[in-house]
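This chain uses plain numbering: 1 for the first residue, then up along the sequence. Just so you know, these numbers come straight off a predicted model, no measurement behind them.
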Amino acid sequence: MTDKMLRLALFLFPGQHLGAWRLPEAIPELDVGVEHYVRAAQLAEAAKMDAIFFEDQAAIPRANDLLKGDTYGAAHPRAIHFDPTMLLPALAMKTKHLGLAATSTATYNEPYNVARKFASIDFISNGRAGWNLVTSFNENEAQNFGLDTHVQHALRYERASEFIDVVTGLWDSWEPGAVTRDKESGVYFDVNKVRFLQHEGKFFKVRGPLPMGRSPQVRPVIFQAGSSEPGRELAARTADVVFTLQTDLAESRAFRDDIRARAVRFGRDPDTIKVLPGITPIVGRTDEDAQGHRERMRDLIPEELAISHLAPHSGGLNFRDFDLNGPMPDLPETNAGKSHREAIMALARRGNLSILQTARFFAEGSYMKLVGSPSTIADSMQEWLEGDACDGFLAVPTHFPGGVEDFTGLVVPELQRRGIFRKEYSGPHLRDHLGVARYA
């Protein structure tokens, strides 16, 4: 047994598995069906999970390294989804404890708008908001924001570093007790407790303050994912929670150790930074049942969709120029997500997988697959926790409702039985759930 406790977030995104949505029992209308998201959030809250988390892409995914013009190839089931920042207030009204986190890019947004949105959500949810800072791995977003090509990777992270400083500065611009609403004196707020940010940098000029006072958490929880050198530096300096694509226990331990060491260099307490590898749980009554379920879902993935899904991370390679049943060639550098490219190469090399096998693996979702009975899956999660390879996991179900129900209703109770996950919430805010830094 261990005295460590897992942190668990539910990552729900339409079409995360490129075949599972075709199952007879799956509900693909989750994509823009708010009632389904409400149900998923309530399942996560009943399981006492820390948060529900939503990705965002501001463009329909397109295999632009392979295809010319406005052709998309196989229609992508991850193409249709809400702006998640619009979804969170609806979920806040239907839950009481669950953290609510969404992605918003620092490359194609302005920091004032992002700071205002997430402070608003923090008020609406009574302190349960989280912001996932990304720099956009989908290169097609550029054409929706007046650019011909995606901003270069290094420049994206330089902009993001200044972006987050502006956002946190705006969140901090009201001191405690600044808003009085004193009817007797007629003073609505104390102007001496309001700070004008007056930021002027390379990318942004922002006066501030936000027009809403100090939110319940002061700073909504900051999530981040990225394994490149600038991504690790930014995460260690600014993030509360770091998502990662690690699939090997030793490598994940090294990644966590690296993030924690960098955090110390920035003067931070490393215990307040939580590293959550992504997992895709595929649950069965027995290990054999789960493996059969995985194979049924994998057989529903069209070959063309699997290949086109892998293409944006290929650095411009046309996989059709190679034997799809042959080994994965070395991938050139890409201006898309660096961590995805590295994960593709590592998986193909470690498993001696062909191009098509690798494509089908990533079409099942980019994350580590945990396949088996609830006990088998819990064994792996406990091994990683006790091995200091993580602080918890980002659980990424294959589909709704079955994948969500299986994890929240079967795996989480097994983790609770082992004493490595909570049975009740211990505080009102998302920062309380996660055990990250708190602000008065």
Side-chain angles (χ1 to χ4, degrees), residues 51 85-86 88-89 92-93 96-97 99-102 104-106 109-133 158-224 234-241 263 265-269 271-273 426-440:
T85 61
M86 300 294 100
L88 297 192
M93 297 295 97
K96 294 182 179 179
H97 304 284
L100 306 168
S104 196
T105 178
N109 274 306
E110 290 295 319
Y112 187 90
N113 291 340
V114 167
R116 190 181 186 190
K117 280 184 181 180
F118 283 94
S120 297
I121 295 167
D122 206 43
F123 274 112
I124 292 168
S125 66
N126 294 314
R128 296 184 283 135
W131 167 42
N132 181 42
L133 165 65
E158 186 181 0
R159 175 187 167 97
S161 185
E162 183 180 339
F163 192 107
I164 196 167
D165 288 342
V166 175
V167 169
T168 55
L170 288 167
W171 285 339
D172 293 341
S173 57
W174 292 77
E175 295 180 15
V179 180
T180 59
R181 303 185 184 93
D182 190 328
K183 293 183 177 180
E184 186 173 339
S185 67
V187 176
Y188 207 83
F189 62 86
D190 185 345
V191 295
N192 294 314
K193 292 185 176 182
V194 184
R195 182 172 65 88
F196 288 85
L197 184 62
Q198 302 292 15
H199 174 90
E200 290 192 35
K202 178 177 179 179
F203 299 96
F204 307 109
K205 183 177 181 180
V206 181
R207 185 191 66 181
L210 293 179
M212 62 183 65
R214 198 169 179 84
S215 80
Q217 294 185 111
V218 184
R219 295 184 181 186
V221 173
I222 296 172
F223 296 79
Q224 195 183 342
L234 186 60
R237 184 174 74 84
T238 65
D240 299 300
V241 178
R265 177 159 50 80
F266 286 113
R268 301 183 65 194
D269 177 356
D271 289 336
T272 62
I273 303 172
S426 57
H429 297 160
L430 178 54
R431 288 186 173 275
D432 297 319
H433 306 345
L434 292 165
V436 297
R438 296 166 177 81
Y439 298 88

| said: I'd like to know if the side chain of Ser161 pairs up with that of Arg237 as donor and acceptor (distance under 3.5 Å, no hydrogens or angles considered). | reply: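 There is such a pair (donor and acceptor under 3.5 Å, judged by atom type) between the side chains of Ser161 and Arg237.
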
Identify the two heavy atoms, one from [X] and one from [Y], that lie closest to each other, and give their separation to 0.1 Å.
{"X": "Ser120", "Y": "Met212", "answer": "OG-CE, 3.2 Å"}
{"X": "Pro211", "Y": "Arg116", "answer": "CG-NE, 3.9 Å"}
{"X": "Ala263", "Y": "Ile273", "answer": "CB-CD1, 3.1 Å"}
{"X": "Asp190", "Y": "Asn192", "answer": "OD1-N, 2.9 Å"}
{"X": "Asn109", "Y": "Ser104", "answer": "ND2-OG, 3.2 Å"}
{"X": "Ala160", "Y": "Leu234", "answer": "CB-CD2, 3.8 Å"}

So do the side chains of [X] and [Y] get within less than 4.5 Å of each other, counting heavy atoms only?
{"X": "His199", "Y": "Glu162", "answer": "yes"}
{"X": "Leu197", "Y": "Ser173", "answer": "no"}
{"X": "Asn126", "Y": "Lys96", "answer": "no"}
{"X": "Ile222", "Y": "Val167", "answer": "no"}
{"X": "Leu434", "Y": "Phe223", "answer": "yes"}
{"X": "Val221", "Y": "Gln217", "answer": "yes"}
{"X": "Val206", "Y": "Leu170", "answer": "yes"}
{"X": "Arg128", "Y": "Asp122", "answer": "no"}

Okay, side chain of [X], backbone of [Y]: is any donor-acceptor separation there less than 3.5 Å?
{"X": "Gln224", "Y": "Thr238", "value": "no"}
{"X": "Arg214", "Y": "Trp174", "value": "yes"}
{"X": "Asp432", "Y": "His429", "value": "yes"}
{"X": "His433", "Y": "His97", "value": "yes"}
{"X": "Trp131", "Y": "Pro220", "value": "no"}
{"X": "Asp182", "Y": "Val187", "value": "no"}

In this structure, are over 12 heavy atoms from other groups packed under 6.0 Å from [X] atom [atom1]?
{"X": "Arg207", "atom1": "CZ", "value": "no"}
{"X": "Phe189", "atom1": "CZ", "value": "no"}
{"X": "Tyr188", "atom1": "OH", "value": "no"}

| request: Begin with the C-alpha distance, continue with both residues' side-chain angles, and end with the deciding distance and a verdict on salt bridge (charged side-chain N to carboxylate O under 4.0 Å, His left out) for Asp172 and Arg195. | output: CA-CA 8 Å; Asp172 293 341; Arg195 182 172 65 88; 5.3 Å; no

| Rounded to the nearest 0.5 Å, how far does CD1 of Ile121 lie from NZ of Lys117? |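 Nearest 0.5 Å value for the NZ-CD1 distance: 8.0 Å.
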
| query | Should Leu210 and Trp171 be marked as a side chain to side chain contact (heavy atoms under 4.5 Å, CB included) after you check the CA-CA gap, both sets of side-chain angles, and the distance that decides it? | reply | CA-CA 7 Å; Leu210 293 179; Trp171 285 339; 3.8 Å; yes

| message | Between Ile164 and Leu133, does the side chain to side chain contact (heavy atoms under 4.5 Å, CB included) criterion hold? Intermediate values first, please. | response | CA-CA 8 Å; Ile164 196 167; Leu133 165 65; 3.7 Å; yes

| Carboxylate-amine/guanidinium contact Glu158 Lys202, below 4.0 Å |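 Counted as a salt bridge, because a side-chain N and a carboxylate O are separated by less than 4.0 Å.
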
| message | Walk me through whether Phe118 and Ser215 qualify under side chain to side chain contact (heavy atoms under 4.5 Å, CB included). | response | CA-CA 9 Å; Phe118 283 94; Ser215 80; over 6 Å; no

| Is the distance between the ring centroids of Phe204 and Phe163 under 6.0 Å? |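 Yes, the ring centres sit under 6.0 Å apart.
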
